[in-house]
Amino acid sequence: MSFRRARIINQDIVRAPAEQVWDVLTDWHNTHRLRTGESASGPLSVNRVELEGQPGSTPRTRVFHFRDERMGIVRETLLHQDDEAMHYYYNIEGIGPAGVRNYLATTDVDPITDSECQVTITARFDLAADMEMLRAKNIINAAHLGVIKGLQFNLEKSG
């Protein structure tokens, strides 16, 4: 069986202090609550999230149970967290939504001013040749952008 590789980069400015954004992003068990609008009610809507491991330790895993049964159960394991550099990386264990495999992602928070930062989420994954690449990319993009938009919405209104 042959595979195709995909790479995705999503980034945007969040009008909130970098440290505050980092605190939200590293609350591994609760990040899904940031989603707003379509991502909160669409195929990425979540019934529940379980945390395996201790908050603040690595590795720790969040287990997503999606409302849409086609999404299945997704296990994202935070493998490394560098609080000083505001950088972490994580994977999806096994085969994820739309046949995504060998998924590895990074998240970085870069201060711009005291009240703004840039959030960058990158991902790479493999997909079997017989799977739909556009569907897989759309799911990953929607998840990343849902987090960034959720940060903007929730932190900007609280700031």
Side-chain angles (χ1 to χ4, degrees), residues 5-67 71 74-93 96-98 100 102-126 133-159:
R5 184 153 296 135
R7 287 179 172 72
I8 295 174
I9 299 174
N10 291 289
Q11 66 184 164
D12 207 345
I13 305 298
V14 176
R15 284 174 293 285
E19 294 77 14
Q20 184 180 9
V21 169
W22 182 249
D23 287 345
V24 172
L25 287 172
T26 56
D27 185 5
W28 201 239
H29 182 223
N30 293 308
T31 308
H32 70 285
R33 294 181 182 159
L34 288 172
R35 296 208 167 103
T36 61
E38 182 180 320
S39 64
S41 60
L44 295 177
S45 64
V46 175
N47 274 335
R48 75 179 191 279
V49 178
E50 300 165 359
L51 179 66
E52 296 174 357
Q54 296 300 312
S57 68
T58 52
R60 62 185 179 276
T61 301
R62 58 184 172 196
V63 182
F64 289 100
H65 298 266
F66 291 95
R67 289 191 180 109
M71 293 292 291
V74 175
R75 299 173 53 85
E76 292 183 342
T77 300
L78 185 63
L79 300 167
H80 175 74
Q81 177 179 327
D82 183 332
D83 293 325
E84 187 176 6
M86 289 190 268
H87 168 84
Y88 65 66
Y89 57 88
Y90 63 99
N91 71 354
I92 291 178
E93 297 177 15
V100 167
N102 300 320
Y103 178 92
L104 185 63
T106 63
T107 299
D108 295 294
V109 177
D110 296 304
I112 297 171
T113 67
D114 289 345
S115 59
E116 285 186 325
C117 62
Q118 178 173 279
V119 176
T120 305
I121 304 173
T122 66
R124 53 92 47 227
F125 60 87
D126 297 325
M133 181 62 79
L134 184 58
R135 180 171 182 260
K137 283 184 164 186
N138 285 342
I139 289 170
I140 300 303
N141 270 322
H144 293 177
L145 293 172
V147 168
I148 293 171
K149 287 179 182 179
L151 284 164
Q152 290 172 336
F153 178 79
N154 289 288
L155 294 176
E156 288 175 11
K157 77 175 185 178
S158 68

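Values below: all heavy atoms of this structure, side chains included; hydrogens, waters and symmetry mates excluded.
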(request) Run the numbers on Leu25 and Val119 for side-chain contact (heavy atoms from CB on, under 4.5 Å), then give the verdict. (result) CA-CA 10 Å; Leu25 287 172; Val119 176; 4.3 Å; yes
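In terms of heavy atoms, Ala85 sits closest to Asp82 at N-OD1, 2.9 Å. Val21 and Leu155 make their closest contact through CG2-CD1, 3.6 Å (heavy atoms, listed as atom of the first residue, atom of the second, distance). The minimum heavy-atom distance linking Ala6 with Met133 is given by the pair CB-SD, 3.8 Å. Nearest heavy-atom pair across Trp22 and His87 is CH2-N, 3.2 Å.
Within the 4.5 Å cutoff, no side-chain heavy atoms of Leu78 are placed close to those of Thr26. Counting heavy atoms from C-beta on, the side chains of Leu145 and Asp12 never come closer than 4.5 Å. At least one side-chain heavy atom of Glu50 sits less than 4.5 Å from a side-chain heavy atom of His65. The shortest distance between side-chain heavy atoms of Leu104 and Leu79 falls below 4.5 Å. A heavy-atom distance below 4.5 Å is not found between the side chains of Val100 and Ile139. Inter-residue side-chain proximity for Cys117 and Gln20 is flagged as unmet; no heavy-atom pair is nearer than 4.5 Å. Side-chain contact between Ile92 and Phe125: absent, with no pair of heavy atoms (C-beta onward) separated by less than 4.5 Å.
Separating the CZ atom in Arg7 from the NZ atom in Lys137 is a distance of 10.5 Å, to the nearest 0.5 Å. Separation of atoms CD1 (Ile121) and CD1 (Ile9) is listed at 11.5 Å; rounding is to 0.5 Å. Rounded to the nearest 0.5 Å, atoms CZ (Arg62) and CZ (Arg75) are 12.5 Å apart. Here the CE atom belonging to Met86 is positioned 9.5 Å from the CG atom belonging to Asp23, to the nearest 0.5 angstrom. Taken from CZ in Arg135 to CD1 in Ile140, the straight-line distance is 10.5 Å, to the nearest 0.5 Å. Rounded to the nearest 0.5 Å, atoms CG (Asp114) and CD (Glu19) are 8.5 Å apart.
Aromatic ring orientation, Trp28 versus Tyr88: perpendicular (interplanar angle above 60°, classes split at 30° and 60°).
One N or O on the side chain of Arg124 and one on the backbone of Asn102 form a donor-acceptor pair closer than 3.5 Å. Between the side chain of Gln152 and the backbone N or O of Ile13 there is at least one donor-acceptor pair closer than 3.5 Å. Although no hydrogens or angles enter the test, the distance criterion places a donor-acceptor pair under 3.5 Å between the side chain of His29 and the main chain of Val49.
Crowding of Ile112 atom CD1: a count of heavy atoms from other residues, nucleotides or ligands under 6.0 Å exceeding 12.
For the residue pair Glu93/Thr77, the side-chain donor-acceptor check at 3.5 Å is satisfied.
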